[in-house]
Amino acid sequence: MTTPEQMEKIVSLCKRRGFIFQSSEIYGGLNSCWDYGPLGVELKRNVKDAWWRSVVYERDDIYGLDASILMHPKVWEASGHIEGFSDPLVDCKKCKHRFRQDHLDNTEICPDCGGELTEARQFNLMFKTFMGPVEDSASTVYMRPETAQGIFVNFQNVVKSSRAKVPFGIAQIGKAFRNEITPGNFTFRTREFEQMEIEFFVKPGDDEEWLHYWKNERFNWYSQYGIKQENLKLRKHDDDELAHYAKECYDVEYLFPFGWSELEGIASRTDFDLTQHQTFSKKNLTYFDEAAKERYIPYVIEPSAGADRSTLAFLVDAYDEEPERVVLRFHPKIAPIKAAIFPLMRKDGQPEKAREIEEMLRPHFKVMYDEAGNIGRRYRRQDEIGTPFCITVDHDTFQDDSVTLRDRDSMEQVRLPISGILDTLQGRLEKSSD
Ligand code: ATP
């Protein structure tokens with residue numbers, strides 16, 4: 001497990017090397033909001049791409065969607081968010097700090113100053129805003145607190161336009177907003193975040209089987225992309241934790257330095273959402289199953305993951321300290337930069353040759369060129385950002401058209417003909433995701 005001291009080093013590495021910056025930093029920062037820098041944006045895109053590839057491209061039963069963030073206010077009445085999307089909030093009368101009561105372990109005094117706490121009150125987590133030029137209640141809209149509802153309201157559109165047949169799913173990646181009472185732990189809990197959600201529609205009665213299928217499928221995805229087995233677990237929700245509509249739910253949890261915490265929830269939601277939207281919209285949201293000659297409202301299995309949380313887990317899990325170096329051991333598919341190209345010396349045509357190789361590789365993957373400092377330092381700089389391969393041009397390159405390929409993890413160096421670099425890298429990247 002990563003220690004809290006290592007976590008501090010990860011946070012500072014993130015800033016120093018351009019993974020994650022505090023939002024609006026030059027103005028003193030905005031609490032719980034973060035910006036992904038040049039390397040962070042690549043890392044998070046790779047995480048989202050790996051998810052999309054595994055749930056949309058590698059299957060024939062899931063359709064993609066990108067719904068808008070602002071939705072009709074009735075959506076949130078139907079989904080229960082206006083009424084019930086709240087956490088119990090308590091304030092400290094002395095230091096004024098706020099806490100989620102359910103995070104306080106039954107204590108009645110403020111954990112920060114020992115002061116007296118107020119009674120709990122329900123605090124709605126949705127951000128409100130106004131649509132149009134007049135600030136009246138008629139034009140109140142909400143920033144979506146989850147992407148899921150954009151999927152439910154498009155259920156019939158997807159069935160009709162894509163001739164989708166149950167069982168099938170709809171997948172979406174997008175921003176969600178929650179006015180969390182206690183955001184924190186770096187990017188783990190923020191007020192603006194990205195979700196990666198699937199609603200998978202099944203025939204009532206088949207839900208149990210599909211829940212078990214999806215909980216295994218999603219659990220395996222994290223280890224497929226390099227998260228260590230010992231830091232991952234599946235936890236079944238106790239009955240008293242279940243939302244009122246949920247039949248059964250599992251969380252994929254990761255062992256962060258602050259304890260086991262949820263990366264993704266896989267819930268069996270019955271026909272709750274579609275039924276609610278059918279009632280509130282007065283539109284028919286039933287499905288006609290031609291094979292069974294039956295009409296029904298499908299049941300839903302929902303694997304709901306956080307893009308930022310899993311990016312953080314990939315970062316934390318990849319972090320490794322050795323006596324001589326710090327390494328981010330990212331899976332090559334997740335690594336922000338796949339290869340760095342160096343001239344051993346800044347002379348004798350080596351920089352030009354290295355640039356040629358960089359240009360040859362650039363259309364295929366994210367690569368970078370570096371000629372600053374001695375070669376050992378350049379390797380360390382790449383290790384620290386998790387680049388799996390380094391390619392060095394040297395004096396011999398001009399004799400035999402070959403370069404040195406160095407592997408991040410084993411630090412092994414092999415000689416390789418320039419003509420074979422692309423195939424070798426492509427092969428190593430593909431092999432790594434078997
Ligand atoms: P928590 O109990 O941690 O508040 P939740 O159970 O309310 O999370 P869900 O509503 O199940 O979360 O959301 C699905 C996923 O969205 C979570 O597993 C998480 O990865 C992500 N997520 C939810 N809230 C946040 C947040 N405030 N910041 C970052 N990611 C979040």
Side-chain angles (χ1 to χ4, degrees), residues 20 23 30-36 40 44 47-48 51 55 76 79-81 84-89 98-104 122-127 143-152 171-200 211 214-215 218-219 221-222 227 232-238 240-246 248-256 258-269 272-273 300-316:
I20 300 174
S23 156
L30 181 65
N31 189 16
S32 101
C33 295
W34 302 93
D35 298 343
Y36 289 84
K44 189 168 152 187
V47 169
K48 291 189 285 183
W51 184 86
V55 307
W76 308 112
S79 67
H81 282 85
F85 191 58
S86 54
D87 281 333
L89 166 76
R98 296 191 140 176
F99 306 92
R100 252 171 80 167
Q101 192 193 35
D102 54 330
H103 283 176
L104 280 183
Q122 290 301 317
F123 175 77
N124 195 297
L125 301 178
M126 280 201 295
F127 279 98
M143 312 281 278
R144 68 179 175 198
E146 60 176 35
T147 58
Q149 299 306 323
I151 296 180
F152 291 124
Q172 168 162 233
I173 298 178
K175 289 265 183 178
F177 303 83
R178 296 182 188 178
N179 200 2
E180 298 278 2
I181 296 168
T182 44
N185 288 326
F186 200 24
T187 54
F188 180 81
R189 188 182 305 285
T190 54
R191 295 193 170 114
E192 171 180 342
F193 54 96
E194 250 177 308
Q195 289 189 310
M196 309 188 288
E197 294 198 296
I198 306 168
E199 304 303 328
F200 199 81
L211 174 69
W214 276 113
K215 79 171 201 291
R218 293 301 310 142
F219 183 79
W221 181 83
Y222 293 92
I227 302 227
L232 269 183
K233 75 172 182 203
L234 258 178
R235 188 181 69 82
K236 188 172 192 252
H237 277 213
D238 295 331
D240 60 358
E241 277 179 275
L242 289 175
H244 58 283
Y245 49 78
E248 207 175 329
C249 185
Y250 291 84
D251 283 347
V252 177
E253 293 191 340
Y254 180 75
L255 186 55
F256 281 102
F258 42 87
W260 285 102
S261 314
E262 172 182 337
L263 293 181
E264 169 162 358
I266 300 110
S268 177
R269 297 176 70 104
F272 174 80
D273 304 270
V300 168
I301 307 301
E302 177 191 76
S304 170
D308 307 87
R309 273 191 195 177
S310 36
T311 299
L312 183 62
F314 282 115
L315 246 172
V316 168

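As a basis for the values below, the full set of heavy atoms in this structure was taken, side chains included, without hydrogen atoms, waters or symmetry mates. Counting starts at 1 for both ligands and their atoms, following the listed order.
- Under the 30°/60° scheme for interplanar angles, the aromatic rings of F256 and Y254 are found to stand perpendicular.
- Which parts of ligand 1 touch E180 is read off a 4.0 Å heavy-atom cut-off, strictly below it: atoms 24 (N), 26 (C), 27 (N).
- Neither the backbone nor the side chain of D308 comes within contact range of ligand 1; no heavy atom lies under 4.0 Å.
- Ligand 1 has no N or O atom lying under 3.5 Å from any N or O atom of A305, backbone or side chain.
- The two residues W76 and E146 make their nearest non-hydrogen contact at CH2-O, 4.0 Å.
- Ionic pairing of R235 and E241 is present here: one or more N-O contacts between side-chain nitrogen and carboxylate oxygen are shorter than 4.0 angstrom.
- Taking only nitrogen or oxygen atoms, main chain and side chain alike, R178 reaches within less than 3.5 Å of ligand 1.
- Nearest protein heavy-atom neighbour of atom 19 (C) of ligand 1: R309 NH1, 3.4 Å.
- At distances below 3.5 Å, at least one donor-acceptor pair connects side-chain atoms of R309 with backbone N or O atoms of E262.
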Walk me through it: do L315 and I20 pass the test side-chain contact (heavy atoms from CB on, under 4.5 Å)?
CA-CA 11 Å; L315 246 172; I20 300 174; 4.2 Å; yes
Could you walk me through whether E197 and T147 pass side-chain hydrogen bond (donor to acceptor under 3.5 Å, both in side chains), step by step?
CA-CA 7 Å; E197 294 198 296; T147 58; 2.5 Å; yes
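- The backbone N or O of K175 sits less than 3.5 Å from a side-chain atom of R144, completing a donor-acceptor pair.
- Remark: side-chain polar atoms of N124 are paired, donor with acceptor, to backbone N or O of M126 under 3.5 angstrom.
- Looking only at heavy atoms of the protein, atom 11 (O) of ligand 1 is closest to E262 OE2, 3.4 Å.
- Proximity of T190 to ligand 1 is established by a heavy-atom distance of less than 4.0 Å.
- At a heavy-atom distance under 4.0 Å, atoms from both the backbone and the side chain of R189 approach ligand 1.
- Ligand 1 is never approached by E146 to a heavy-atom distance shorter than 4.0 Å.
- In terms of polar-atom proximity, defined here as any N/O pair under 3.5 Å, Q195 does make such a contact with ligand 1.
- Ring-plane geometry between Y222 and F314 is classed as parallel, the angle between the planes falling under 30 degrees on a 0 to 90 degree scale with a further cut at 60.
- Of the candidates P303, A307, S304, S304 brings a heavy atom nearest to atom 15 (C) of ligand 1.
- The distance criterion of under 3.5 Å between nitrogen or oxygen atoms is not met by F193 with respect to ligand 1.
- Near G306, meaning under 4.0 Å from one of its heavy atoms, ligand 1 places the atoms 20 (O), 21 (C).
- Of the protein's non-hydrogen atoms, F188 O, 3.2 Å is the one closest to atom 29 (C) of ligand 1.
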